[in-house]
Amino acid sequence: MLTGSEQSSEPSISIPANETESKLADLYAAQLEIEVSELDLNQDFLDLGGDSFQATMMLIEIENTFGKLLTPAQFLENGSVKDLSKFIMSVEGVSKKDSEKVKAIQQGDNRCPIFLTHSISGYADYASSFAKSFTQSQTLYALQWVEPTDAPHTSLEDYASLFVEEIRNIAGDNPFVLAGHSFGAQFAFELGQQLLDHHLEPALIVLIDDEADLHKRRFGIRKRRPPVSKIPKQCRHMLHSYVPKTYPGNLLLVKAEVEQPDALADEFWGWKNLSLGLCESMQVPGDHSSMVSNAGIALWAQQLETKIVKVCNEHQKQKEILPDRCDTLLQKRSESWSDPVTSTLYQARKASKTGNPDSEIHHYYQALSLNKQLPFWVYRNLGEALWQKGQRSNALEYYHCAIELEQCPVEGCRLLLKRTNELGFDRADEICEIAQSRTPDQPNAQSALAILLAEAGRLESAKKVLTRTLEKAPDHRPTLLSLYELFEKSGQLEEALEILNRFVKRPYSRFSHFFTRAVIVEKLDLPDASKAFTEAIQRAESEIQIYPESFSHRLILAYLLQMNGQLNESKFQFRESIRLLRKSSIAPRILNKIAGRRYPSLPNPLNALFDLIEYLSRFSISFEFFQQTAPYFIKSLGPLRK
């Protein structure tokens, strides 16, 4: 989620000049949770404290209020009440699609243009924020969604090819840079490969906070139903089926200060394993979302621009000295792709993406026979594939091999703990000792270590680790979240509530934070329970506007409404959740697992929903909730069970 700067407390510098401005001011104030009198009508939505979640809500509200559908680009480029009002009044209707593949965001001197790839929303949401933080001499373009002719079956390779010719025409002979955040990082990487095929080498590819996906284990792509129309789903499908190859040019990984736990094993997040050229990393403040907010980008954009200018100048000199540099790089890449170990590992990863563990295992064994000194993810992936095939003893051996090679082995140890528990082995002491001895004294790593200790049943040790970490980094989000979860598990609800109250006031607060806070307030029988439930209900209703087909969101809303005494509304949402459940892919899996399971404390029709309860457990929905609402389920599930 994009997270804007702190909300402005300055009084409005003007009052709405017309009805459109007045309506927009009301919408802005409602989304930003401020008074209209506090709203600066000339200030950008993100600068006012808005985030991408709220921006999406604004698009829905604008369509409902004015009957005009804006693209994310149009909203962000006309971000203030004043500018947006003029834009809305100047058009009869707004097209859902913007015809420009590559949109100019800032026209600088064009000596080293930067092409920002779009996110899963179909637009480079962060482009305008970069433009505000870069110098005016920096040329900036944003790539926008183009509907593929064979959607929804398009691969990322095929999709990237749609942009190659236009980028070639714009870049010309100038050094240029590709950059993208999250999904956009993978998109930029593949674009770089294809541009090199056309003898056009990017001076640098900037990969903003995304792993190379060498060990995430995204199985079963070929079994997934292809997405139909929604851009985010199509982008995710392309991402999940993408298998990157080695690249001979320059890479820069920009990492958020708050790293994901599974990235701790390798400081370059797998990109160095794919790099045949220079691969560097740069750490910046924030987490995955806040780092690309207006306020977040402002903290590191100048550092990035300085780096880009330096790289582009060096690149231009190299081109003058070595005019056939692209030929050299293509030859280097070709040799790498034909290398037996590299090509075999590529085939193994490709097999894992298509859900073929037999082929994956074969290729990993083949690679190991050629070279025993391989990265940790090879051993972890092989262990996972062997486990999937039921070869448990062999799998454990390779999990251990992976842990020995990980820079910080916490995630590998968590996986090993999970697997040994499933086999009934008590290896917790041994595994925790390995993790504690090799985990660096750094907030992200220590927070991940605490999660491992908690999963091993060492709750007090985990609390000590987290408390010690918070003394050094009092606002470290993963540590706060982990400590909250431990307090809740230990029944220390007052302490858990104190942390949740801190979270719901922050830009990165989630729906689950509001929901869980309401549940805890009700359990503690506090006087402000009604207010907490009302706030959670409002947030749930907002989520449903964005995800109208989510049965789980409606199920949670039904629970909130019931606990708040709104029984008729609760029944309606409950029926809607069942209707959506019937349409979902999870329903057959739930029904298939009924056989052999007996839960005498639950009415019989609820047996089918055991897996759904597990799925929703992270929202603290308990068996008691399903017992209380059994009459609804019994009535609604009859046709489903037949």
Side-chain angles (χ1 to χ4, degrees), residues 155-157 185-186 189-190 192-194 196-197 201 205 207 210-219 221 240-251 253 262-263 265-281 327-389 391 394-407 409 411-412 415:
S155 66
L156 186 57
E157 292 91 338
Q186 309 282 339
F189 185 80
E190 177 56 30
Q193 297 275 33
Q194 296 194 25
L196 187 59
D197 288 335
E201 180 203 357
I205 300 178
L207 309 158
D210 199 62
E211 295 178 68
D213 195 24
L214 301 181
H215 68 279
K216 285 185 181 177
R217 314 302 303 151
R218 287 168 173 153
F219 279 118
I221 296 301
H240 291 181
S241 57
Y242 180 56
V243 185
K245 293 184 176 181
T246 51
Y247 174 75
N250 298 323
L251 302 176
L253 171 63
D262 61 357
D266 172 16
E267 65 175 313
F268 287 98
W269 296 4
W271 292 111
K272 200 149 196 173
N273 294 141
L274 296 175
S275 173
L276 303 174
L278 184 64
C279 182
E280 299 178 293
S281 69
D327 291 328
T328 302
L329 293 177
L330 286 168
Q331 178 64 27
K332 186 177 182 180
R333 188 182 69 176
S334 177
E335 291 172 357
S336 171
W337 288 5
S338 60
D339 173 73
V341 175
T342 303
S343 61
T344 302
L345 290 179
Y346 172 78
Q347 292 300 327
R349 287 160 41 227
K350 189 175 181 180
S352 76
K353 290 281 190 174
T354 54
N356 189 343
D358 289 324
S359 176
E360 183 183 11
I361 291 168
H362 167 75
H363 284 104
Y364 277 133
Y365 275 145
Q366 187 178 354
L368 286 169
S369 70
L370 296 169
N371 185 352
K372 298 293 184 182
Q373 303 298 317
L374 294 176
F376 82 92
W377 53 265
V378 173
Y379 297 92
R380 187 192 287 186
N381 289 357
L382 178 54
E384 285 284 77
L386 289 167
W387 186 272
Q388 188 181 11
K389 294 296 294 182
Q391 300 179 37
N394 288 344
L396 292 182
E397 176 187 343
Y398 286 104
Y399 291 142
H400 278 287
C401 291
I403 288 171
E404 290 177 6
L405 296 171
E406 294 177 39
Q407 291 175 348
E411 284 303 294
L415 179 59

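Annotation: side chain to side chain contact (heavy atoms under 4.5 Å, CB included) contacts of L415 (sequence neighbours excluded): R380, E384, Y399, R419. With sequence neighbours left out, the side chain to side chain donor-acceptor pair (under 3.5 Å) criterion links N273 to W377. For E267, the side chain to side chain contact (heavy atoms under 4.5 Å, CB included) test picks out K255, Q407, with sequence neighbours left out. In this view, Q347 satisfies the side chain to side chain donor-acceptor pair (under 3.5 Å) rule with no residue, not counting sequence neighbours. For S359, the side chain to side chain contact (heavy atoms under 4.5 Å, CB included) partners at least two apart in sequence or on another chain are A351, N356, H363. Considering only residues two or more places apart in sequence or on other chains, E404 meets the side chain to side chain donor-acceptor pair (under 3.5 Å) condition with none of them. For K272, the side chain to side chain contact (heavy atoms under 4.5 Å, CB included) partners are F268, C279, not counting sequence neighbours. K389 meets the salt bridge (charged side-chain N to carboxylate O under 4.0 Å, His left out) test with D358; sequence neighbours excluded.
Put simply, the side chain of S275 never gets that close to the backbone of W271: no donor and acceptor are under 3.5 Å apart. With Q194 contributing its side chain and E157 its backbone, the two residues share a donor-acceptor pair below 3.5 Å.
Atom CH2 of W387 and atom CG of L396 lie 5.5 Å apart (nearest 0.5 Å). Atom CG of L345 is separated from atom CD of Q366 by 9.5 Å, given to the nearest 0.5 angstrom. To the nearest 0.5 angstrom, C401 atom SG is 11.5 Å from E406 atom CD. Y398 OH to L368 CG: the interatomic distance, rounded to the nearest 0.5 Å, is 6.0 Å.
The two residues A395 and G383 make their nearest non-hydrogen contact at CB-O, 3.3 Å. When all heavy atoms of L274 and A212 are compared, the pair lying nearest together is CD1-CB, 3.8 Å. Listed here is the closest heavy atom pair of P409 and I403: CB-CG2, 3.8 Å.
Counting only heavy atoms from C-beta outward, the side chains of Q193 and I205 never approach each other to under 4.5 Å. Looking at heavy atoms from C-beta onward, W269 lies out of side-chain contact with D210 at the 4.5 angstrom threshold. At least one side-chain heavy atom of Y365 sits under 4.5 Å from a side-chain heavy atom of L386. Counting heavy atoms from C-beta on, the side chains of R349 and Y364 come closer than 4.5 Å. For the pair L405 and V378, the minimum side-chain heavy-atom distance is 4.5 Å or more.
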Tabulate below the donor-acceptor pairs under 3.5 Å that side-chain atoms of residues 242-251 make, not counting sequence neighbours, or state none.
from	atom 1	to	atom 2	distance (Å)
Y242	OH	E190	OE1	2.7
T246	OG1	S336	OG	2.8
T246	OG1	W337	NE1	3.1
N250	ND2	A203	O	3.3

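In this structure, a donor-acceptor pair under 3.5 Å is absent between the side chains of N381 and E360.
A salt bridge (charged side-chain N to carboxylate O under 4.0 Å, His left out) check over residues 327-340, counting only residues at least two apart or in different chains, returns the pairs D197-R333.
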